[in-house]
Amino acid sequence: MKEEGIAETKILDILKQSLRDDMTYTSGKIVGSMCTEPTSSARLLYSKYLEKNLGDPGLFPATARLESEAIASVGGLLNYPQTQGSIVSGGTEANIMALWSARNGANVEEPEAIVPASAHHSLNKAADMLRVKLISIPTDEKGRVQASKVRAAITPNTIMIAGIAGTTELGAIDPIDELSEMAISHDVHLHVDASFGGFVIPFLKDLGYPADDFDFKLSGVSSMSIDPHKMGMAPVPAGMILFRSPEMLDRVDVQASYLAGGEYPKPSVLGTRPGAAAIVVWATMQMLGRQGYRKIVKRCMDLTNLLYGNALKMENVKPVQEPTLNILGLRPLKESPREFSGKLRERGWAVSTFPKHLRTCIMPHIRKRHILEFCSELERLDKKEELIIKPHISKIRYSLL
Ligand code: PLP
């Protein structure tokens, strides 16, 4: 740290220069992230309420009320408005809390949790922290966990079964109805990780897409993760953990009695928590309504299907499967996924790389022209055309819809 500070105008200049290498969502070249460009309203609201701290809710009771309203609202979306939960930093924290609650609720010396092979690595982190053994179950050819193998893996040590509604690698939805029946018959906590799919599947159902039940409507579901900062259109960081009963949330309640506001915070892994995140989650849902989310989900699905249709005709990549959500896996046919994504990155595109495929995630910042440009790039790669580096900075901002 230097002795003398630098003026704000100078800092702005320095930041403009030093952050030039960051990619932007508005360029349309980030086709592999589950996050998206914050809306202009979100930017405005977030910056207005930066000082709110939900780690000390007695100082900010009105913000805490909005958090509770946002949780009830998402609970309603997932068929359980009376749910109890917290706004957390994202899917990772939500998954940690689910396993934490399940472990504390079971009196088992050597606890085990059964998770699909497609589970997000946050469950590995959670298991490591909580000293729970993970039993990984293979998925079928559609990327869904094999329910019969889950059933066979249940033992007296099983404290939790996890199902994924929108897998990280392919957007597949596990057979949550079957997992729910198992959870009931074995009296085991079923956690549904809908971090990505939670803000997509209900709207796909509204739009008439086929989608099985995946939420609290199924009585075996004990907890759910759902991320407003993915398809919920809220800025980072904003996740949610929702439980079926207050007791499940209380199991992870570590009380802090010293707080200046005199109130206990909602259970979470973090202490100090951004109240602005809760306010913006609340406001974004109010502003969009179901209708707004439906429009966004429809546009993302239409573009995903456009990419799918084009990729079917390509010679260097093949879609892994028809998309269920706005996630499409592409399998390179002539080189490894790592080599292929490396070439795309050299050309300014960011996709996610999995061992056997690339993952694209067609988020709300993606426009039709971006999909068409991406398809042309994939085809150019096949023809080994010269690399033309174009700047990926674009000034276009978009509003909620
Ligand atoms: N769960 C699923 C299914 C995910 O896809 C992800 C992230 O990609 C997470 C959890 C973790 O979410 P976060 O990165 O917000 O912690």
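Order of listing sets the numbers, starting from 1, for every ligand and every atom in it.
Using a 4.0 Å cut-off between charged side-chain N and carboxylate O, R273 and E67 make a salt bridge. Between E373 and R380 there is no salt bridge, since no side-chain N of the basic residue sits under 4.0 Å from a carboxylate O of the acidic one.
By the salt bridge (Lys or Arg N to Asp or Glu O under 4.0 Å) test, E315 is found to be paired with no residue, residues two or more places apart in sequence or in another chain being considered.
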Going through the checks in order, is the side chain to side chain contact (heavy atoms under 4.5 Å, CB included) test met by H120 and S195?
CA-CA 10 Å; H120 187 259; S195 294; over 6 Å; no
Apply salt bridge (charged side-chain N to carboxylate O under 4.0 Å, His left out) to the pair E37 and R43, showing each step before the final yes or no.
CA-CA 10 Å; E37 171 78 359; R43 282 175 193 279; 2.9 Å; yes
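Using bins of under 30°, 30° to 60° and over 60° for the plane-to-plane angle, the ring pair F243/H189 lands in the perpendicular bin.
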Tabulating one pair per line, provide the atom names and distances (0.1 Å) for every N/O atom of ligand 1 that is less than 3.5 Å from a protein N/O atom.
residue, atom, partner, partner atom, Å
ligand 1, 1 (N), D193, OD1, 3.2
ligand 1, 1 (N), D193, OD2, 2.6
ligand 1, 1 (N), S195, OG, 3.4
ligand 1, 5 (O), T168, OG1, 2.8
ligand 1, 12 (O), G91, N, 3.4
ligand 1, 12 (O), K230, NZ, 2.8
ligand 1, 15 (O), G91, N, 3.1
ligand 1, 15 (O), D227, OD2, 3.2
ligand 1, 15 (O), H229, NE2, 2.8
ligand 1, 15 (O), K230, NZ, 3.0
ligand 1, 16 (O), G91, N, 3.3
ligand 1, 16 (O), T92, N, 2.8
ligand 1, 16 (O), T92, OG1, 2.6

